[in-house]
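Here's the structure, in structure tokens; my notes come after.
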Amino acid sequence: MTTTEQHPPQPRAEAQFEETWHNPRGLRGFFTSVQHKSVGARYMVTAFVFFFVGGLEALFLRVQLAQPEQSVLSPQAYNELFTMHGTTMMFLFAVPFLEGLAAYLLPLQIGARDMPFARYNVFNYWCYLLAGIILYSSFLVDLVPDAGWFAYVPLSGAEFSDKGMDIWLFGLALAELAAIGAALEIIVAVLKMRAPGMSLDRMPIFAWTMLCVALLIIVAFVPLLVGSLLLELDRNVGTAFFEPARGGDPLLWQHLFWIFGHPEVYVMFLPGAAIISQVVPVHSRRRLVAYPFVVAAVVVTAIMSLGLWVHHMYTTGLPPVTLSFFTAASMSIAVASGVQVVAWLVTMWEGRPRLTVPMLFSLGFLFTFVAGGITGVMVASAPFDAQVHDSYFVVAHFHYVIIGGMLFPVLAGLFHWWPKMTGRMPSHRLGVISFWLAFAGFHLTFFPMHLTGMWGMPRRVFTYDESMGIGFVNLLSTVGAFVFAAGMVLAAATLVRAARRGERAPADPWQADTLEWATASPPGSSNFPRIPVVSSRTPLWNPAVPADDPEAHRMAAAFDHAPTGVRATPFTTVLGARPDTAAVQASPTVLPLVPALGLAVIAAGILVEVTAVVVVGAVLVVGGLVAWGVVNERELGQAEAREPIGGTYLVEAPGPRSPGWWGAVGAGTVLLVGATTLAFCMLYLQVHAPVWPPGRTLDQPWLTAATGVALAAAVAAAWWGSRQGRHAHDAPPVARAAHLASAGLTLLAGVAALVLLGVTWAVGDVDPTGHAYGSGVLTMLASLALAVLMGLGLTVAAVMARLRHERDVRVRLMLQNSALLWGCVVLVWAITWVTTDLLPAVIS
Amino acid sequence: MSGARAAARTAVGAAVGALTVTSLAACSGADRPMSMFSPSGADASRVDSHWQMLLLLGSVVWLVVMGFTLGAVLRRRRAHREDEPRGRGHVVVAVGGALVPALIITWVMADSVLVMRDTGGQGEDAGTVVEVAGHQFWWEVRYPEDGVVTANEIHVPVGEVVRLEMTASDVIHSLWVPQLSGKVDLNPGRTTVMTINAQEPGTYWGQCAEYCGLQHAWMRFVVVAHEPEEFDGWLEAQSLPAEDPGAGGEPGDPADPDAGDQDPQVVRGREVFMSSSCVYCHAVAGTEATGTMGPDLTHFASRQTIGAGVLPNDRESLARWIVDPQAVKPGNAMPGTDVAGEELEAMLDYLESLE
């Protein structure tokens, strides 16, 4: 890396630059700050609070199980606590923590000043926080969910579970929404916001991994979101998706849950492994060996993890061919992990490891994760799994994999990056003690569980018979759990103490290799007043390597303490990170909180069954979004937000050269994954149902075709509008009129489609509660309507832009983005038609 | 000094002793009625040998990786630059990280497929077919060919393949007898199949393995494996209706020579039972009790446990169960009764006579 040595900028400009990037502090800062470091830190702190709550729940469980036939907890309390333990650790700790770490670290590692959509980033945080509050409010009203974190139907259905299940579903949905949003942020950041020169093959492994993980989240979390929607409909509207007597199937839930649930394991483990790939080289003073293999292993793991979910369902009574296939697939993924493990080993072997606290946790990770991986291969074998499935052997296995593969790396990462985040060094001595406590406590807790399971103890039992002879191993686990908890508390205390009065940390205390260590500890608000230029994979270890692209230095110079009046960061090309354009970044505001709060209020309104509350929530959502949009357009209309940065780097460029396009593509992708999931559900039910549908299909060819035509018209109108005024010689008033006309036509077509959908439903006369087919038709039409509403929203934003901007380019971009989204809506329409009419007609 | 050394020796001795005891305990498993380490069924034995291979292979892999880790941390080396290219690390990664694991995985996979072929049979030509229905929180067991209905006990002949056809009435359950076979789920609305092939006569404990609600922990059962002729005898005895304790006649009635043999307490108990709410949920074949919500009680006294393994089937436990089942197993479907005193004693006599 070479920092551009240009003329020092005027001190006044520098001060103005700092002023622009200044984030409010204190309570006001908590509600208004949108910059990635504040958001990331909040994510991590909130997640750790939930981690300790979930850990406390686990301690209660362990006390109850310490001896046979105890009654420290009632069966009800036990079932509630194990449900909340799993839910908390998965949805409120592991995933949000890693997303918080990514939000904090990624921009620093890739040399950017913020995440691409800073306000959306904080909106996701609010959704996550509110999800946690909703889930835990269940304790206040004594309706704690008790159907397990996997919530298998029918146990989680209306007949067997009380309203606690609805609380669980709403909390879950909000947390998933946040996770999907965070994933979109990560994808755009990694692909488009890398410092000039950081081509894909120079990207830190952490960035590679978070890119793969984010893509995985989009594909895997949307099905769970759809699944929770369907279950909520079954519970409260009376649809029949999971009801065998009416064409549904309880196994559909298991498929949806594990299509999410298995990738979820890798959403936790891969970032853990990535932290190891950052920590081990630095603390071994050796660059990561076989970087391309490690990247390939991460990519392969992410892709393969989507095809393994059935190994959670080996005992549901599947045919042997299916079992063999998923056994082979599940075992093969171990090879990809093998590559990573050996790469770390060789890196240490070739390097000179220092036994720092991060390194100790990395070694603890290897010791533990390799064991968990081996038991993973064991349980991938269908016949062996038939024995240990849903026994404590599996509990042991996945705690080895998740605590070993995610928590230990996270602690390694926290001790590694703490000096960067807080500017202070954590105590080595206390760190070492906390490691040994955690390590010994962990193995004392979970190693005996292998035996407990093989001696016949099933999971999720609140007690066990004395004659089973498993009291001693359970007692060991309970003692271990307290030692482990002591280690965790000490680790947290060590970090908190360091943040307050630790030794001051230099910018680069570990002599590390990646960009985050090139800036101050803790980094200033803008991260990099001077944008770094990258010319190798380890920019801080070989700073003398000349940049291969002279343009990179020009871009760095243009962004040196600049622009001053508006927040902006370089936007570079996907493959080579070549200088391209500039991305304007959002300033502090409280607005994203409003729609997030609105969603929570809607959930609360449905839970207490008061329509007025739901309406208030909806008003908050719509009002919040409109206000948010208005403020966005006002800021982008500022004089400085229009000028090319340094006279070269366009602020709003057409197509993929500006962030908005990526946002529209991301939203469209989420829509399509959702519609495809619904189609999968319908097809699955159709294949397994004796008759599908029992009566006639929706069968409204004219109305369906008319809807399609209206949607196609929306695409055409928006697309046409986006092309008006693109030439310098176009007369501005004409172009403006064309934009307004195009947006007007698009809105008209969209509203027409919405009306047609309503008419289709009314005329179609399909009973949504009589049979799963009708349930599916209702859900798919409603989802299509929701997609249309999204298209309308984006088009309204384009109109807003037209009314507030003098410049044409912003409006053209907004229309282009609308056209993209409308295109996705057309695809959703096609998927809907195929599923509701074509397939039942063809396969019958 | 010597005291410290002695203390250290004692500590080491105690640690070694504890480890030995633990590992011995791990190996024996004889006193653990649900231990996979003492298989008695064809499937469980086959999986046990698979497990031993997995354990051996896994341990070797783990030890090798840990050996290299230790070596990497401890070995001495010269100073060098961090980014200096050297060694053939990528070759080691390709061979040690991909090729070798791939070979091991292929071996494990092949063995797994072989085990899969030998286990998990559907028992299409099984001599005995048993229908099992999972309920919150007990097991209904039927032998359709012989008209036998029982609960929380599956009786099988030794050395024969028994086919279980399973479904659930409410939520998902899973049937697991570790010493005999792996588990298979019981799903509402569909039938799943598994086989049991017990090699030794005896009683094998099983338990529900899929979380099914409040009393998932106390949804236990036993599989009793009999010698074939003994099994036939059991089946025949179970297929008879309950003995009639002198219905239709007073003791000494010449038209009903059996009547006089009956204990009047049993007769009285039968009256109490038949006039109580018990009959809405329980059936006793050959009587007017035909409820189907709860376990069939025709041969209740021949069973080993009450409440799906929560209590042993003795008089005292039975009294506790009848009076307040919600105190014993909160959340089970059976309401408490106000039968007490002489009536309760009589009812106990009656139930204990249902052999």
Side-chain angles (χ1 to χ4, degrees), chain A residues 75-76 79 148 152 154-155 160 244 250 285-287 289-290 293 315-317 320 323-324 327-328 331-332 334-335 338-339 341-343 345-346 348-350 352-353 366-367 370-371 374 377-378 381-384 386-387 389-390 451 454-456 458 460-463 467-469 538 541-542, chain B residues 26 31-37 47 50-51 54 58 61-62 65-66 68-69 72-73 77 82-83 86-87 89-90 92-94 96-98 101-102 105 108-109 112-113 115-116 119-120 170-172 174 178 182-185 187-189 192 207 209-217 330-331:
Chain A
Q76 181 61 33
N79 294 347
Y152 276 11
L155 187 61
F160 299 100
R285 287 166 289 190
R286 179 77 197 146
R287 69 175 182 186
V289 168
F293 292 176
T315 64
T316 53
L323 296 184
S324 307
T327 293
M331 288 184 182
S332 307
V335 175
V339 168
V341 167
V342 177
L345 277 183
V346 178
M348 284 195 286
W349 190 273
E350 288 188 1
R352 288 168 291 145
L366 269 178
F367 186 97
V370 171
I374 289 168
V377 172
M378 294 177 180
S381 168
F384 180 68
Q387 274 285 19
H389 180 79
D390 272 337
L451 278 177
M454 297 193 80
W455 284 341
R460 301 155 185 153
V461 289
F462 66 86
T463 194
S467 70
M468 287 177 75
T538 52
W541 280 348
N542 37 21
Chain B
D31 52 343
R32 294 201 172 79
M34 290 181 71
S35 171
M36 273 172 232
F37 299 116
V47 171
H50 182 49
W51 148 252
L54 292 173
V61 169
W62 188 81
V65 175
M66 286 308 109
F68 276 108
T69 311
V73 174
R77 63 208 93 198
E82 292 93 337
D83 59 334
R86 65 198 194 91
H90 56 284
V92 181
V93 173
I105 292 293
V108 174
M109 220 182 278
S112 171
V113 171
V115 178
M116 220 181 292
T119 60
D170 35 44
V171 302
I172 301 171
S174 191
K183 58 187 75 62
V184 173
D185 294 353
N187 296 293
T192 48
Q207 187 161 356
E210 181 63 68
Y211 175 62
C212 58
L214 199 60
Q215 285 294 341
H216 170 54

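In what follows, chains carry the letters A, B, and so on, assigned in the order in which the sequence lines appear, proteins first and then strands, with residues in each chain numbered from 1.
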Nearest heavy-atom neighbours spanning [X] and [Y]:
X	Y	answer
A:Ala334	B:Ile105	CB-CD1, 4.0 Å
A:Pro154	B:Asp170	CG-O, 3.3 Å
B:Asn187	A:Thr316	ND2-O, 3.5 Å
A:Pro458	B:Gln207	CG-CD, 3.6 Å
B:Met34	A:Met468	SD-CE, 3.7 Å
B:Val93	A:Val346	CG2-CG2, 4.3 Å

Part of B:Ser112 lying under 4.5 Å from any heavy atom of chain A: both
Which atoms of B:Met66 approach chain A - backbone, side chain, both or neither, heavy atom under 4.5 Å: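 When you check distances to chain A, only side chain atoms of B:Met66 fall under 4.5 Å.
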Closest-packed option against chain A by number of heavy-atom pairs under 4.5 Å, given B:Val184, B:Val47, B:Thr192, B:Val113: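 Between B:Val184, B:Val47, B:Thr192, B:Val113, the count favours B:Val47.
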Tell me, side chain or backbone of [X] under 4.5 Å from chain B's heavy atoms, or both, or neither?
X	value
A:Val341	side chain
A:Pro244	side chain
A:Pro320	backbone

Atom CZ of A:Phe367: over 12 foreign heavy atoms under 6.0 Å: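 For A:Phe367, atom CZ is crowded (more than 12 foreign heavy atoms under 6.0 Å).
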Residue pair B:Tyr211 / A:Asp390, side-chain heavy-atom distance below 4.5 Å: no
